[in-house]
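Written below as structure tokens is the structure these notes are about.
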Amino acid sequence: MDIKGLSKPLSVNDIEFRVQSINNGKYATILAYKNARVDMQRLDDCLGALYWKREHLKDNHNCMVSIFDPAYNHWVSKEDTGTESMAEKEKGLASDSFKRACFNWGIGRELYDYPFISIKLNDDEIQETGKQKPKYRTSFNFDLKKWKWISSFDENNKIQGLACKDQNGNVRFKWGEFPSKSK
């Protein structure tokens, strides 16, 4: 059982990125987030499948994630609430409350320290949708799932660098510092 392993930074490959909004200057604000499968895998890897459980309360608004403490032979629980998603209301609510309860155990907590991610969109990556005043959305040429993200953390597990390249190898975002590679 590795309780401290719960709060180790997630691999950038476990993080998903999505567009939150696009401003009139055609910059996209990008959010970093984790999904519930990442939380379940971290709990399994650090504790084992038999030493954690989740319970949904209050019509899925709240989720309690409990970890079994074999030293004292009892369960220790942390709880949080979630919000409904646009696509699947009940499933999204249950998933969100679970992810938030897992934040309380330290899983993915470093996401709160990620920098503000703003990316200038290329002309072929954006479409104007507003008739009265300009509104924008990404075009099919903008595909964050094909981008390569890298991150670095210091010895205290604090993020010190985040960067990405698009599918063509162009650096689109860079923040902070990355340790030099030793030869």
Side-chain angles (χ1 to χ4, degrees), residues 1-21 28-56 60 62-68 76-88 91-119 138 142-179 181:
M1 185 176 273
D2 178 17
I3 203 85
K4 288 185 178 183
L6 293 174
S7 59
K8 288 182 182 167
L10 296 170
S11 163
V12 75
N13 297 325
D14 290 330
I15 306 301
E16 295 183 28
F17 297 87
R18 69 172 170 85
V19 175
Q20 178 191 38
S21 61
T29 299
I30 308 295
L31 295 180
Y33 66 100
K34 62 182 175 126
N35 67 43
R37 288 181 293 283
V38 168
D39 290 315
M40 290 183 274
Q41 190 63 55
R42 178 61 65 96
L43 288 162
D44 284 348
D45 291 347
C46 291
L47 308 173
L50 300 177
Y51 291 95
W52 70 273
K53 64 181 177 176
R54 71 192 260 188
E55 299 172 76
H56 290 276
N60 286 341
N62 285 32
C63 180
M64 184 167 29
V65 174
S66 303
I67 294 175
F68 187 73
V76 179
S77 303
K78 297 193 179 197
E79 180 179 352
D80 212 325
T81 190
T83 58
E84 297 173 346
S85 68
M86 299 280 239
E88 298 179 69
K91 182 178 176 252
L93 178 60
S95 178
D96 191 52
S97 62
F98 173 64
K99 290 185 296 184
R100 289 175 184 249
C102 288
F103 273 122
N104 289 331
W105 282 108
I107 302 173
R109 198 177 289 166
E110 73 278 0
L111 293 174
Y112 291 123
D113 296 328
Y114 267 45
F116 177 76
I117 305 170
S118 181
I119 296 174
T138 57
F142 186 76
D143 190 356
L144 275 175
K145 292 185 188 301
K146 293 181 180 175
W147 289 25
K148 176 73 176 156
W149 293 83
I150 60 169
S151 60
S152 68
F153 293 85
D154 65 18
E155 63 279 352
N156 296 315
N157 293 331
K158 295 291 181 194
I159 189 159
Q160 64 180 17
L162 182 67
C164 70
K165 290 183 179 181
D166 64 19
Q167 65 272 20
N168 299 316
N170 300 312
V171 175
R172 299 295 294 271
F173 179 81
K174 186 173 182 186
W175 171 87
E177 298 178 16
F178 295 86
K181 294 179 182 175

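Keep in mind it's a predicted model, so treat the numbers as computed, not measured.
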Does K145 have any side-chain contact (heavy atoms from CB on, under 4.5 Å) partners at least two apart in sequence or in another chain, and if so, which? D143

Rounded distance [0.5 Å steps], OG in S7 versus CH2 in W105: 11.5 Å

Residue pair Y33 / Y114, side-chain heavy-atom distance below 4.5 Å: no

List for me each residue that meets side-chain contact (heavy atoms from CB on, under 4.5 Å) alongside A36, sequence neighbours excluded, and say none if there are none. M40, S95, F98, K99

Drop me the distance from L93's CG to H56's NE2, to the nearest 0.5 angstrom. 9.0 Å

How about L10 and R42: do any of their side-chain heavy atoms sit closer than 4.5 Å? yes

Do I15 and W149 come close enough that some side-chain heavy atom pair is under 4.5 Å? no

Determine yes or no for a side-chain-to-main-chain donor-acceptor pair under 3.5 angstrom, with T83 supplying the side chain and D96 the backbone. no

Find out whether L144 and K146 are in side-chain contact, i.e. whether some heavy atom of one side chain is under 4.5 Å from a heavy atom of the other. no

Any side-chain heavy atom of V12 sitting closer than 4.5 Å to one from F17? yes

Are K8 and F153 in a cation-pi contact, defined as NZ or CZ under 6.0 Å from the six-membered ring centre and within 45° of the axis? no

Taking atom types as modelled and ignoring hydrogens, do the side chains of N35 and E16 form a donor-acceptor contact shorter than 3.5 angstrom? yes

Flag side-chain contact, heavy atom, 4.5 Å: D39 against V65: no

Work out which heavy atom in F103 is nearest to a heavy atom in G108; give both atom names and the distance. CE2-O, 3.0 Å

Distance, nearest 0.5 Å, that separates CZ of R18 from OG1 of T138: 12.0 Å

Give a yes or no on whether K34 atom NZ has more than 12 heavy-atom contacts from other residues, nucleotides or ligands under 6.0 Å away. yes

How far apart are the closest heavy atoms of G5 and C46, and which atoms are they? C-SG, 3.5 Å

So, do L50 and F68 sit near enough that their side-chain heavy atoms are less than 4.5 Å apart? no

Just verifying a value: how many Å separate W175 CH2 and I159 CD1, rounded to the nearest 0.5 Å? 5.5 Å

Is the shortest heavy-atom distance from the side chain of N62 to the side chain of S97 under 4.5 Å? no

Do W52 and D44 have a side chain donor and acceptor closer than 3.5 Å? yes

What's the spacing between I150 CD1 and K148 NZ if we round to 0.5 Å? 8.0 Å

Looking at every heavy atom in both F178 and S152, which two are closest together, and how far apart are they? CD2-OG, 3.7 Å

Residues, nucleotides or ligands: over 12 heavy atoms within 6.0 Å of K174 NZ: no

Can you sort out the partners of S21 under side-chain contact (heavy atoms from CB on, under 4.5 Å), two or more places apart, ordered by chain and number? T29

Side chain to side chain contact (heavy atoms under 4.5 Å, CB included) partner of C63, the single match among R54, R100, E55, E79: R54

To the nearest 0.5 Å, tell me how far L31 CG sits from I117 CD1. 8.0 Å

For K158, does its backbone N or O pair with a side-chain atom of N156 as donor and acceptor, under 3.5 Å? no

